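These notes concern the structure reproduced below.
As the structure is a computational prediction, the values presented were derived from the model and not from experiment. Each ligand, and each atom within it, is numbered from 1 in the order the structure gives.
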Amino acid sequence: MSLLDKAAANARILTRRELATLLEWPDAHELFAAAYEVKCREIGKRVSLRGLVEFGNICEKDCFYCGIRKSNTAVRRYRMDKDEIVREAEWAFKAGYGSVVLQSGELSSESNTVFVEDVLRRIHAFGGDDFGITISLGEQAEETYRRWREAGAHRYLLRIETSNPTLYARLHPADHSWTDRLECLRTLRRCGYQTGSGVMSGLPGQTTEDLAADIEFFAAEDLDMIGMGPYIPHKDTPLGKNTALSPAERAKRLELGLRMIAATRLHLHDVNIAAATALQALDHEGREKGILAGANVIMPNVTDIRFRSDYQLYEGKPCLGENPVLCKGCIERRITSIGETAVLNGRGDSPRWEKRTSAAKHASIG
Ligand code: SF4
């Protein structure tokens, strides 16, 4: 039995060496096709949509790779007000997106906690339990996570960026702790969130072994959702200055991002995996390619175009001038063009999470 067949037949049995072999599989198309088959079997030929609202770019952190890090004075800062955020979430709801994702830079003040709580309550009031609310608001105290969960959020994305603490330390200032971030992920799970994380691929100094270890990390933490993207340098950051990618490097970076999706699908089988917008920044059809390599979630941007260009974690972000109505039509056409169906009016929860919660229910009934 070939390694691809072995991975497709049994979830979560590969060793780190075997994961590295998948990541370097000689025929990329063969790798993607095997992962896509697993995606179709586990999830169907369906893509879940989440309307993405990037509601603020003010951040207390200073990650060396990020375009909205607090030390970047070249960026114009913004924060939408509550009415604007709720209006965009409502637009996504009415457009049939089964979920919304609220994302911003990291802020840890009590006033921010209350602000987000209010927004979540208002969205939950019109969307009810059938409208998914994912938040991605960084590292917070357990009490904050609990308050946001009670206010209506039920999924949380917190990317670990790399499972290698030494590499993490090279990408962040000394007061950014990999261990604290890991602890936050575990706290989110305890608070009852569907928990998502992810990494960047193509980082300076990162090895295939590191990426294989990242996939092992996803399995060990039993994550429900994975959001990964290729690293794309931003010129106004310590890591990205003077490192613009050549066309050949962009193609290589895209392929590595797709290989990560495929190897992750082949190892984990039943999690949600996003085809990140960063893939599209590298290739006009990057997100479709992500789906065909095993991803099953796309997050069309519903943020007002007045703000979009100010929320650039990396350079070359696509669709900066495309309003949400155009984005919706465009993304549905793209999904149909590869023989997949966009799921409308469904939360698109992670199958992994559904299995875990239904097993827990049965155990408590039994
Ligand atoms: S990566 Fe996130 S936490 Fe780090 S500076 Fe950017 S927005 Fe802030």
Side-chain angles (χ1 to χ4, degrees), residues 52-80 85 101-109 112-113 115-116 134-141 144-145 148 153 155-165 167-185 187-188 195-206 214 225-241 243 257 274 276-279 281 299 301 303 307-317 320:
L52 174 64
V53 182
E54 294 163 334
F55 69 82
N57 68 356
I58 304 166
C59 187
E60 290 169 355
K61 290 270 184 89
D62 224 4
C63 309
F64 294 152
Y65 48 83
C66 177
I68 65 168
R69 64 197 297 269
K70 74 171 176 196
S71 298
N72 182 9
T73 51
V75 73
R76 188 179 53 163
R77 301 289 168 176
Y78 75 92
R79 182 169 171 89
M80 288 162 52
I85 304 169
V101 179
L102 305 182
Q103 191 166 52
S104 86
E106 187 174 311
L107 296 172
S108 57
S109 62
N112 181 62
T113 303
F115 178 96
V116 173
T134 306
I135 50 178
S136 180
L137 304 172
E139 294 171 41
Q140 303 287 344
T144 303
Y145 287 147
W148 290 345
R155 291 190 284 241
Y156 204 108
L157 288 171
L158 182 71
R159 294 212 324 196
I160 193 82
E161 305 300 359
T162 170
S163 63
N164 177 342
L167 181 55
Y168 187 92
R170 290 208 296 269
L171 303 172
H172 298 89
D175 61 349
H176 294 30
S177 157
W178 183 88
T179 314
D180 288 354
R181 208 158 176 86
L182 174 62
E183 199 40 55
C184 281
L185 272 176
T187 304
L188 286 163
T195 307
S197 190
V199 295
M200 285 185 282
S201 51
L203 288 162
Q206 190 179 45
D214 289 341
M225 320 179 287
I226 311 295
M228 296 175 287
Y231 166 60
I232 303 176
H234 190 298
K235 68 175 174 28
D236 297 324
T237 62
L239 200 69
K241 58 175 187 262
T243 53
T277 311
L279 295 171
M299 302 194 289
N301 204 327
T303 312
F307 301 115
R308 280 202 211 169
S309 58
D310 296 322
Y311 199 95
Q312 294 202 61
L313 309 189
Y314 53 85
E315 273 177 302
K317 182 178 169 184
L320 291 180

Inset, instruction - Quick one: do Leu137 and Trp148 satisfy side chain to side chain contact (heavy atoms under 4.5 Å, CB included)? Show the steps, please. - result: CA-CA 11 Å; Leu137 304 172; Trp148 290 345; 3.7 Å; yes
Legend entry - Between Tyr65 and His172, a side-chain donor and acceptor under 3.5 Å: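 A pair is found: one side chain offers a donor N or O, the other an acceptor, under 3.5 Å apart.
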Inset, instruction - State whether a side-chain donor-acceptor pair under 3.5 Å links Thr303 with Asn301. - result: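 Yes.
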Legend entry - Aromatic ring proximity, centroids under 6.0 angstrom, Tyr156 and Tyr145: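 Tyr145 vs Tyr156: aromatic centres under 6.0 Å.
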Inset, instruction - Check the pair Thr162, Gln206 against side-chain hydrogen bond (donor to acceptor under 3.5 Å, both in side chains), reporting the backbone distance first and the verdict last. - result: CA-CA 9 Å; Thr162 170; Gln206 190 179 45; 4.8 Å; no
Inset, instruction - Mark whether atom 4 (Fe) of ligand 1 lies under 4.0 angstrom from at least one protein heavy atom. - result: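 It does: a protein heavy atom is found less than 4.0 Å away from atom 4 (Fe) of ligand 1.
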Inset, instruction - Kindly indicate whether a cation-pi arrangement holds for Arg79 with Phe115, taking the cut-offs as under 6.0 Å to the six-membered ring centre and within 45° of the axis. - result: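 Yes, Arg79 and Phe115 form such a contact.
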Inset, instruction - Please report how many protein N/O/S atoms lie under 2.8 Å from atom 8 (Fe) of ligand 1. - result: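 Excluding waters, the total comes to 1.
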